[in-house]
Amino acid sequence: MEHGPKENEFRQQRLANLQKLQEMGYTPFGQAFARTGTVAATLAGFAEHQPATLAGRVVSKRQMGKSIFAHLQDGPDRLQIYVKKDLVGEQAFAAFEWIDLGDHLGAEGELFVTKTGEKTLKAAKWTLLSKALLPLPEKWHGLQDVELRYRQRYLDLIANPEVRRLFDQRTRIIAELRVGLTGHGFAEVETPMIQPMAGGAAANPFKTRYEALGADMFLRIAPELYLKRLLVGGYDKVFELNRNFRNEGLDRSHNPEFTMVEIYEAYGDCRSMQRLVEELVTTVAQKVCGSLQVGAGDMAVNLTSPWRVVTYRDLILAQAGADWYDLPLETARQRARDFKLDIPADWDRGAITHEIYEKLIEKTLINPTFVTRLPVELVPLAKACADDPTVVDVFELVIRGREIAPGYSELNNPIEQRRRFEEQAKGDAAKIDQDFLDALEHGMPPAGGMGIGIDRLIMVLTGAESIRDVVLFPQLKPRG
RNA sequence: GGGAGCAUAGCUCAGCUGGCUAGAGCAGCUGACUCUUAAUCAGCGGGUCGGGGGUUCGAAUCCCCCUGCUCCCA
């Protein structure tokens, strides 16, 4: 970031203040500082006349002759300190003059409650821990500029405590998911992020180069094919919670790197995954949000069990008419166009039907809904249903109109898998993961598998409208 | 990829039917004040109006291009 000339004026003033403090014997960038606790813990266990030693960033300062009130911010929490000339002594009081908003201080003293009822630390002594050379955003309105909030998230976190609280929720949601999964006996593993071929999903990968091997490599688009190798190797319950990378567009629900938990259970199927995700999400919501009613207004969702389960076919029949699957293709095309859908002339029935699902149905599914028995052409890596080869034994969990978690009865037939890979590769043998096929030929147990989009789940649980509000440093175009 | 909107002081925002030296609040500076809390009171400084080009006697304001962000659509 370049500094405009006027920004330097603020900086010059602060450098001068730093100089004065230094001349008075203060160290502008101090050492480790032993606190009796955080501000949050101190406020929670507050008792008058208790001694306390706290640290934080000065975010307000009200000076009145021979006494000063200031707020120390520690994470999202603030505590007022009272600096009185009689108490800290003449010199320390004079030196406080050169403290700027944004400086980190330590303060030692006794807790009390002011006349107006605010919990406050009466300082007997203060310590300079770090001098800030640049000013903070506005104290009342916070930092509003959306672009600055993302580009300089640290300022957003300082100025907008609710942002910090949201990310604290994110941390707890992920921690509780791990607790839930390990509680069910799932082992957390790590598989390659740098892969010689980017398999396990249909997406454009980021390409990179491993110089030492003289080989082109890819950032993974999914961990799936490695986790399945672990099923072959005898792991029966595994998960990996980490980043995937997809070289595709940015919008309010897509970031090129996003967090996903993939879960596999040997001898399970998509129904065991269904029960697992419902239990995980409701438990996490209850623990972290304290309720199954999450979000507010347009973002409100009711997570109460049992969640709706409905077949893709039934959703289509309800939307497109009970006779939909019996209509001649041309009649069906016309009906879709009557729904104001843009249907190219070369689309087959499956494509038209899916357009109806995506454009008209999916966004209406607000509370959690398992959409089951999807057409086989939509999901090439899943097992067909035993009673109907045209549909696969999968679910798509939709919440707030978006796909949150797909779950499969995994394909473990190596011959069928090879056929589908060859179909996808269209004759390009280099695109087929032979090593994975070899693994399958050694025998993979039947298994249920599922991926939960963590960022989207966190959007649902926190009521966030954009993925950029739940990712600390969302991807933006570089700017000088 | 297409359309619409936004960009003014460190921050939050006015100003935009072209016309005094571009304003306010916060932050900053000087001074007063020993329970304030968006502290108060008196005074002061602070601008490449995102960047470039054009129209005009005159542009923050109108037109074109570029950059970034936001929203809608694909």
Side-chain angles (χ1 to χ4, degrees), chain A residues 1-18 20 48 57-73 78-90 92-94 96-103 109-124 132-161 204 248-255 298 340-344 347 355 358-359 363 464-469 474-480:
Chain A
M1 276 264 158
E2 50 181 354
H3 294 176
K6 293 310 155 190
E7 193 171 5
N8 281 327
E9 204 169 278
F10 282 92
R11 218 172 154 259
Q12 288 309 319
Q13 181 61 47
R14 282 158 180 263
L15 282 168
N17 293 349
L18 181 153
K20 287 183 188 118
E48 231 169 332
R57 184 191 290 276
V58 178
V59 290
S60 72
K61 189 179 166 191
R62 295 174 293 284
Q63 193 155 359
M64 291 163 301
K66 299 185 176 90
S67 75
I68 301 166
F69 286 93
H71 276 101
L72 286 190
Q73 180 162 317
R78 295 178 172 191
L79 187 121
Q80 181 169 256
I81 61 169
Y82 182 38
V83 181
K84 210 163 112 171
K85 191 170 186 177
D86 297 351
L87 251 148
V88 297
E90 193 133 346
F93 188 81
F96 208 90
E97 171 77 15
W98 312 117
I99 293 300
D100 292 302
L101 298 190
D103 293 355
E110 187 177 282
L111 300 173
F112 77 110
V113 177
T114 63
K115 274 206 297 218
T116 47
E118 179 160 358
K119 295 168 178 171
T120 302
L121 174 66
K122 190 183 289 176
L133 299 182
L134 291 173
L136 290 175
E138 214 247 8
K139 65 177 175 185
W140 188 244
H141 299 92
L143 186 64
Q144 298 295 327
D145 186 291
V146 183
E147 187 178 353
L148 278 186
R149 286 186 46 226
Y150 296 149
R151 288 194 194 274
Q152 291 178 271
R153 181 71 90 181
Y154 50 93
L155 292 180
D156 191 26
L157 289 164
I158 296 165
N160 302 319
N204 199 22
E248 289 167 6
L250 290 165
D251 64 33
R252 55 170 27 200
S253 57
H254 294 87
N255 197 54
D298 288 350
K340 299 199 169 111
L341 296 177
D342 186 20
I343 308 291
W347 279 17
E355 183 74 0
E358 284 199 317
K359 290 287 154 59
K363 64 180 166 202
E465 295 182 39
S466 168
I467 195 168
R468 291 181 165 187
D469 292 326
Q475 196 61 235
L476 298 175
K477 288 194 191 177
R479 198 169 200 193

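Quantities reported herein were computed from a predicted structural model and do not represent experimental measurements.
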(message) Between A:L143 and A:Q152, is there a side-chain heavy-atom distance shorter than 4.5 Å?
(response) no
(request) Using the test side-chain contact (heavy atoms from CB on, under 4.5 Å), find all partners of A:R62 that sit at least two apart in sequence or belong to another chain. (result) A:S60, A:F69, A:H71, A:Q80
(request) Could you list the residues that satisfy side-chain contact (heavy atoms from CB on, under 4.5 Å) with A:A464, not counting sequence neighbours? (result) A:M459, A:T462, A:D469, A:V470
(request) With sequence neighbours left out, write down each residue that passes side-chain contact (heavy atoms from CB on, under 4.5 Å) with A:Q63, or none if nothing qualifies. (result) A:K61, A:I68, A:E97
(request) Whole angstrom is fine here: how far is it from CG in A:N17 over to P in B:rA27? (result) 15 Å
(message) So for atom CD, which belongs to A:E90, do other residues, nucleotides or ligands contribute more than 12 heavy atoms lying within a distance under 6.0 Å?
(response) no
(request) Would you mind telling me which of B:rU36, B:rU34, B:rG46 lies closest to the side-chain atoms of A:E9? (result) B:rG46
(request) Flag the pair A:K477 / A:L250 as yes when at least one side-chain heavy-atom distance between them is below 4.5 Å, and no otherwise. (result) no
(message) When the P atoms of B:rU40 and B:rG46 are compared, how many Å lie between them, rounded to an integer?
(response) 24 Å
(request) Name all residues meeting the side-chain contact (heavy atoms from CB on, under 4.5 Å) criterion together with A:Q73; count only those two or more places apart in sequence or in a different chain, and write none if there are none. (result) A:V59, A:R78, A:I158
(request) Measure from CZ on A:R468 to C1' on B:rC69 and round the result to the nearest Å. (result) 8 Å
Could you go through nucleotides 71-74 of chain B and list every protein N or O atom that sits under 3.5 Å from one of its N or O atoms, giving the distance for each pair?
| unit_1 | atom_1 | unit_2 | atom_2 | d |
| --- | --- | --- | --- | --- |
| B:rC71 | OP1 | A:R252 | NH2 | 3.2 |

(message) Among residues at least two apart in sequence or on other chains, which ones pass ring-ring contact (aromatic ring centres under 6.0 Å, His included) with A:F96?
(response) A:W126
(request) Name all residues meeting the salt bridge (charged side-chain N to carboxylate O under 4.0 Å, His left out) criterion together with A:K20; count only those two or more places apart in sequence or in a different chain, and write none if there are none. (result) none
(message) For B:rC29 and A:Q13 - does any side-chain N or O of the residue sit under 4.0 Å from the phosphate oxygens OP1/OP2?
(response) yes
(request) Side-chain contact test, heavy atoms from C-beta onward, threshold under 4.5 Å: evaluate it for A:D156 versus A:Y154 and give yes or no. (result) no
(request) Please measure how far the C1' atom in B:rG18 lies from the corresponding atom in B:rC11, and state the result in whole Å. (result) 30 Å
(message) Between B:rG19 and B:rG58, how many Å separate the two P atoms, rounded to a whole number?
(response) 14 Å
(request) Using whole Å, report how far CD1 of A:I68 lies from P of B:rA32. (result) 13 Å
(request) Identify which nucleotide among B:rU70, B:rU36, B:rG68 has an atom closest to any side-chain atom of A:K477, counting heavy atoms from C-beta outward. (result) B:rG68
(request) Sticking with atom P, work out how far B:rG25 lies from B:rG51, rounded to a whole angstrom. (result) 25 Å
(request) Whole angstrom is fine here: how far is it from CZ in A:R78 over to C1' in B:rA38? (result) 11 Å
(message) Counting runs of three or more consecutive pairs, Watson-Crick or G-U wobble, with each distance below 3.5 Å, where are the stems of RNA chain B?
(response) B:1-7 with B:67-73, B:10-13 with B:23-26, B:28-32 with B:40-44, B:50-54 with B:62-66
(request) Map A:I99 and A:Q475 onto RNA chain B by nearest heavy atom, then report which one ends up closer to the 5' terminus. (result) A:I99
(request) Mind calculating the distance between CZ (A:F69) and C1' (B:rC33) to the nearest angstrom? (result) 13 Å
(request) From the options B:rA27, B:rC69, B:rU34, select the nucleotide whose nearest atom is closest to the side chain of A:Y82. (result) B:rU34
(message) Per the salt bridge (charged side-chain N to carboxylate O under 4.0 Å, His left out) rule, what does the pair list look like for residues 133-148 of chain A, sequence neighbours excluded?
(response) A:E147-A:R151, A:E147-A:R479
(request) Considering only atom P, compute the distance from B:rC26 to B:rG43 and round it to an integer number of Å. (result) 14 Å
(message) When you compare the ring of A:W140 with the six-membered ring of B:rA38's base, are the centres less than 5.5 Å apart and the planes under 30° from each other?
(response) yes
(request) Using the P atom as the reference point in each nucleotide, state the distance between B:rC41 and B:rU8 in Å, no decimals. (result) 29 Å
(message) Can you tell me if A:D251 has over 12 outside heavy atoms packed within less than 6.0 Å of its CG?
(response) yes
(request) Would you mind telling me which of B:rC29, B:rC69, B:rC11 lies closest to the side-chain atoms of A:V146? (result) B:rC69
N/O-N/O pairs, protein side and nucleotides 39-42 of chain B side, under 3.5 Å:
| unit_1 | atom_1 | unit_2 | atom_2 | d |
| --- | --- | --- | --- | --- |
| B:rA39 | OP1 | A:K139 | NZ | 2.0 |
| B:rA39 | OP2 | A:R62 | NH1 | 3.4 |
| B:rA39 | N6 | A:Q63 | O | 2.9 |

(message) Tell me every residue that passes salt bridge (charged side-chain N to carboxylate O under 4.0 Å, His left out) with A:E465, counting only those two or more places apart in sequence or in another chain.
(response) A:R252
(request) For A:G249 and A:H254, work out which heavy atoms get closest and say how close. (result) O-CB, 3.7 Å
(message) With rounding to the closest Å, how many angstrom separate the C1' atoms on B:rG50 and B:rC69?
(response) 11 Å
(message) Is any side-chain heavy atom of A:L79 closer than 4.5 Å to one of A:L121?
(response) yes
Protein N or O to nucleotides 12-15 of chain B N or O, pairs below 3.5 Å:
| unit_1 | atom_1 | unit_2 | atom_2 | d |
| --- | --- | --- | --- | --- |
| B:rU12 | OP1 | A:Q144 | N | 3.0 |
| B:rU12 | OP1 | A:D145 | N | 2.9 |

(message) Counting the atoms with a prime plus P, OP1 and OP2 as sugar-phosphate, which does A:F112 contact under 4.0 Å by heavy atoms, base, sugar-phosphate, or nothing?
(response) base
(message) Testing the 3.5 Å rule here: is there a donor-acceptor pair between the side chains of A:Q13 and A:N17?
(response) yes
(request) Establish, with yes or no, whether the OP1 or OP2 oxygen of B:rC69 is under 4.0 angstrom from a side-chain nitrogen or oxygen of A:R149. (result) no
(message) In whole Å, I'd like the distance from the NZ atom of A:K66 to the C1' atom of B:rC33.
(response) 9 Å
(request) Provide, to the nearest angstrom, the distance between the CG atom belonging to A:L15 and the P atom belonging to B:rC29. (result) 13 Å
(request) Take atom CD of A:E147 and atom C1' of B:rG5, then tell me their distance rounded to the nearest Å. (result) 15 Å
(message) Which nucleotide wins on minimum distance to the side chain of A:L476, given the candidates B:rC69, B:rG10, B:rU36?
(response) B:rC69
(request) Assign each of A:K85 and A:L101 to its nearest nucleotide of RNA chain B by heavy atoms, then name whichever residue's nucleotide is nearer the 5' end. (result) A:L101
(request) For B:rG47 versus B:rA60, give the span between their C1' atoms, rounded off to a whole number of Å. (result) 11 Å
